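Following: one structure in structure tokens, then a few remarks.
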There are 2 protein chains.
Amino acid sequence: MKVTLKEIAKLTGVHSSTVSRILRDSGDLNIPEKTRQHVKDIAAKLDYRPNELARAFRLKKTNTIGLIIPDISNSFFSGVARSIETESYKKGYNLVVSNTNEDIKKEELYVNNHLNRGVDGLIIAPSQGDSDYIQNLIERNIPFVLIDRDFIDLETSSVTSDNQKSAYEAVEYLQKMGHKRIGFISGRPILSTICRRVEGYKNAVQDFNLEQENALIIGGGYTIQSGYDAAIQILSASNAPSALLVSGNLLTIGVIKAIREKGMSIPQDISLIAYMDSRLAPHLDPPLCTIAHPLEEMGIKVFDLLLESIENEGKVEGTKVVVDTELIKRRSVAKINNF
Amino acid sequence: MKVTLKEIAKLTGVHSSTVSRILRDSGDLNIPEKTRQHVKDIAAKLDYRPNELARAFRLKKTNTIGLIIPDISNSFFSGVARSIETESYKKGYNLVVSNTNEDIKKEELYVNNHLNRGVDGLIIAPSQGDSDYIQNLIERNIPFVLIDRDFIDLETSSVTSDNQKSAYEAVEYLQKMGHKRIGFISGRPILSTICRRVEGYKNAVQDFNLEQENALIIGGGYTIQSGYDAAIQILSASNAPSALLVSGNLLTIGVIKAIREKGMSIPQDISLIAYMDSRLAPHLDPPLCTIAHPLEEMGIKVFDLLLESIENEGKVEGTKVVVDTELIKRRSVAKINNF
DNA sequence: CTGTTAGCGCATTCAC
DNA sequence: GTGAATGCGCTAACAG
């Protein structure tokens with residue numbers, strides 16, 4: 001049977017509340033070293049394990065946080081998750097992970113589920129498309145922080161990367177390499193990340209006098225298949241671009257597959273820059289020029305923000321942390337000679 | 001303020017226990033439809049959310065399971081984690097994920113942590129090297145299932161892949177392609193996966209009369225760096241092998257890096273088969289011949305086993321599920337002509 | 001210095 | 001058919 005405080009109390013002759021005090025080393029220093037040691041010894045001998053569930057219930061504090069992301073098997077999110085887990089462990093928190101699959105309905109369900117189970121706070125990479133339930137979290141003073149994606153018009157705390165800038169820089173680099181017609185495989189347009197990237201792309205196209213055309217921005221999904229479809233479409237056009245900027249891990253795999261199937265080579269026939277896993281990118285065929293995210297840093301920052309928010313009892317500060325990405329140049333971009 | 005059963009009881013004029021019965025649709029069907037509906041309406045209007053923490057405490061059932069793995073950012077584990085999460089969600093379970101970083105000390109800490117918090121069961125990819133605490137879990141009738149790695153001499157339930165066979169098949173294929181001197185970059189020798197792979201490798205080497213040499217089995221870590229180091233060492237030898245079998249995701253990245261740095265080409269100078277992420281492998285430079293794991297299947301099976309074990313209250317069945325891997329042939333293996 | 005009491009929110013047993 | 005009482009294990013007042 002499980003050994004409880006009461007059990008130990010019975011065996012030591014002191015009251016269970018005293019046992020609790022001793023075992024938690026709570027303030028009361030006026031307990032004689034003798035009883036103290038005795039109780040500790042007995043507890044150790046019985047292999048006493050505090051029932052954290054009862055404790056959490058009593059204290060209304062579970063030391064658990066929820067992480068709600070679209071896909072744990074996407075290396076961006078698993079990288080961030082890893083970093084968050086490491087941080088939270090250091091601070092005595094447990095991490096409950098949920099996968100939404102970009103399904104907003106499921107996301108909301110998960111949030112409620114977590115809340116009902118009493119998580120102390122939430123880290124969410126929202127599927128977006130609806131901010132009502134997020135608004136609701138704010139009103140209820142639930143401590144939470146957004147990661148990667150943000151609602152621009154909501155006063156939420158968030159940790160995102162500078163998508164506007166990273167897309168701009170990518171286009172700028174392609175332009176410097178002589179590209180004038182650049183396609184953008186975009187991803188779900190509803191996401192703040194995608195919006196900002198499109199903005200950055202458009203700004204750069206404008207600033208550098210590159211070819212502007214709606215058909216150059218394509219795609220809407222987040223799967224390998226949707227990357228494949230978009231690439232097939234854009235590359236089959238009579239005036240296909242000479243370079244592609246691809247906005248996601250899985251999309252990129254699909255795009256590469258499409259390029260290969262069309263019998264084209266990177267970068268001879270088409271140049272490529274991708275938002276992609278930078279640990280793997282050097283080893284792709286060919287090594288891919290990528291926009292790399294500081295995953296570890298993002299994980300640490302988002303957890304720290306959340307902890308702050310928990311300590312503030314959810315009172316919104318709306319701290320928006322924006323981290324920098326890095327354009328890592330690799331062989332997938334060719335220099336074009338314009339005759 | 002949080003709305004509780006008592007609250008609803010006060011507003012509806014029935015007792016909180018009745019409210020509980022109604023809201024849970026518990027057996028008692030003899031509650032008149034009228035009160036029933038009334039209570040439900042009020043509950044809905046107040047946006048009643050059961051305090052799952054209190055419920056879990058009362059019922060001694062958290063509907064939570066713990067997943068303890070070395071590294072969530074390793075695509076093997078994140079793939080399995082994703083599958084487990086999907087399954088557990090379907091069955092109303094939450095998933096708490098912990099990263100051990102192959103640190104057995106941390107692993108044990110985590111297990112205790114989870115247990116103290118009352119998880120209903122555990123899925124563990126053990127760091128091995130010590131099976132005492134696992135033994136302890138068995139004695140305490142804790143429901144748990146091992147994933148990927150198993151203790152051969154312990155009566156635990158587990159879901160693993162047939163490592164012996166997969167390594168054997170890989171060597172067999174290399175042999176068919178004309179290779180006679182095959183190196184094995186092995187990983188942590190303490191892991192059951194690695195042991196079995198070494199066995200398979202050795203058996204095949206013997207069966208096909210390939211070159212046997214201790215120096216051909218090398219490595220001991222699980223990081224990119226250790227893969228790199230091992231590859232540098234084995235490739236720098238005067239009689240380097242013509243093919244390499246690499247035993248892990250991260251190791252493989254290190255090995256490829258080493259090969260590249262040595263100015264060698266795959267497969268012209270060295271052939272490669274790897275235990276690696278099969279979603280990415282086709283897009284590596286060059287497309288990699290891999291041993292692919294059925295991640296989804298493994299996740300489903302391990303969760304189902306755990307559920308069974310939970311229902312059996314931890315009474316060990318020692319069900320050992322072994323899934324098959326698939327050797328996926330790609331360009332990284334060259335045919336050798338033996339003159 | 002330490003015991004007593006109370007209660008977190010819920011589900012269950014036993015009455016009536 | 002439903003209310004009352006009880007307790008899960010713990011901690012935090014409040015006594016004494």
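Everything quoted here is computed from the prediction, not taken from an experiment. Just so it is clear: chains get the letters A, B, ... in the order the sequence lines come, proteins before strands, and each one is counted from 1.
- In this model, a donor atom of one side chain and an acceptor atom of the other lie less than 3.5 Å apart for B:Thr64 and A:Arg117.
- Contact annotation for A:Leu59: backbone-only contact, meaning every heavy-atom pair under 4.0 Å involves sugar-phosphate atoms and none involves a base.
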>> Assess the residue pair B:Glu52 and B:Arg55 against the criterion (salt bridge (charged side-chain N to carboxylate O under 4.0 Å, His left out)); give the C-alpha distance rounded to whole Å, side-chain angles, the decisive distance to 0.1 Å, and a yes or no.
In response: CA-CA 5 Å; B:Glu52 294 293 344; B:Arg55 198 172 140 70; 3.6 Å; yes

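- Fit an axis to the five pairs at each end of the helix from C:dC1-D:dG16 to C:dC16-D:dG1 and the two axes sit 50° apart, to the nearest 10 degrees.
- Sorted by first and then second residue, the ring-ring contact (aromatic ring centres under 6.0 Å, His included) pairs involving residues 32-73 of chain B (not counting sequence neighbours) are A:Phe57-B:Phe57.
- Other residues, nucleotides and ligands place more than 12 heavy atoms under 6.0 Å from the NZ atom of A:Lys61.
- Counting heavy atoms from C-beta on, the side chains of B:Val119 and B:Ile65 never come closer than 4.5 Å.
- With a 4.5 Å cut-off on side-chain heavy atoms, B:Ile68 and B:Phe144 do not count as touching.
- Between A:Asn51 atom CG and D:dC10 atom C1' there is a gap of 8 Å when expressed in whole angstrom units.
- Separating the CG atom of B:Leu23 from the C1' atom of C:dA11 is a distance of 13 Å, rounded to the nearest angstrom.
- Both A:Thr4 and B:Val14 sit near DNA chain D, but only B:Val14 has its closest nucleotide nearer the 5' end.
- Nucleotide C:dC10 holds its C1' atom 12 Å from the CD1 atom of B:Ile8, rounded to whole Å.
- Protein atom CG of B:Leu5 is 15 Å distant from nucleotide atom C1' of D:dG3, rounded to whole Å.
- Summarising the geometry, the separation between NZ on A:Lys61 and C1' on D:dC10 is reported as 16 Å, rounded to the nearest angstrom.
- Per the geometry, CZ belonging to A:Arg36 stands 11 Å off P belonging to C:dC1, to the nearest Å.
- Rounded to an integer number of Å, the gap from A:Lys60 NZ to C:dC10 P is 9 Å.
- Applying the side-chain contact (heavy atoms from CB on, under 4.5 Å) rule to A:Asn99 yields the partners A:Asp71, A:Ile72, B:Arg82, B:Glu85; only residues at least two apart in sequence or on another chain are considered.
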Can you pull every protein N or O that's under 3.5 Å from an N or O on nucleotides 4-6 of chain C?
unit_1	atom_1	unit_2	atom_2	d
C:dT4	O4	A:Ser17	OG	3.4

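- Residue pairs meeting the ring-ring contact (aromatic ring centres under 6.0 Å, His included) criterion with at least one member in residues 104-141 of chain A, sequence neighbours excluded: A:Tyr110-B:Tyr89.
- Taking a centre distance below 5.5 Å and an interplanar angle below 30 degrees as the stacking criterion, B:Phe57 stacks against the six-membered base ring of D:dC8.
- Under 4.0 angstrom from either OP1 or OP2 of C:dG9 there lies no side-chain N or O belonging to B:Tyr48.
- Residues satisfying the side-chain contact (heavy atoms from CB on, under 4.5 Å) criterion with B:Ser83, sequence neighbours excluded, are B:Glu296, B:Ile300.
- Among the heavy atoms of the strands lying under 4.0 Å from B:Gly13 are primed sugar atoms or P, OP1, OP2 only; no base atom is included.
- Note: CZ (B:Arg55) to C1' (D:dG7) measures 17 Å, nearest angstrom.
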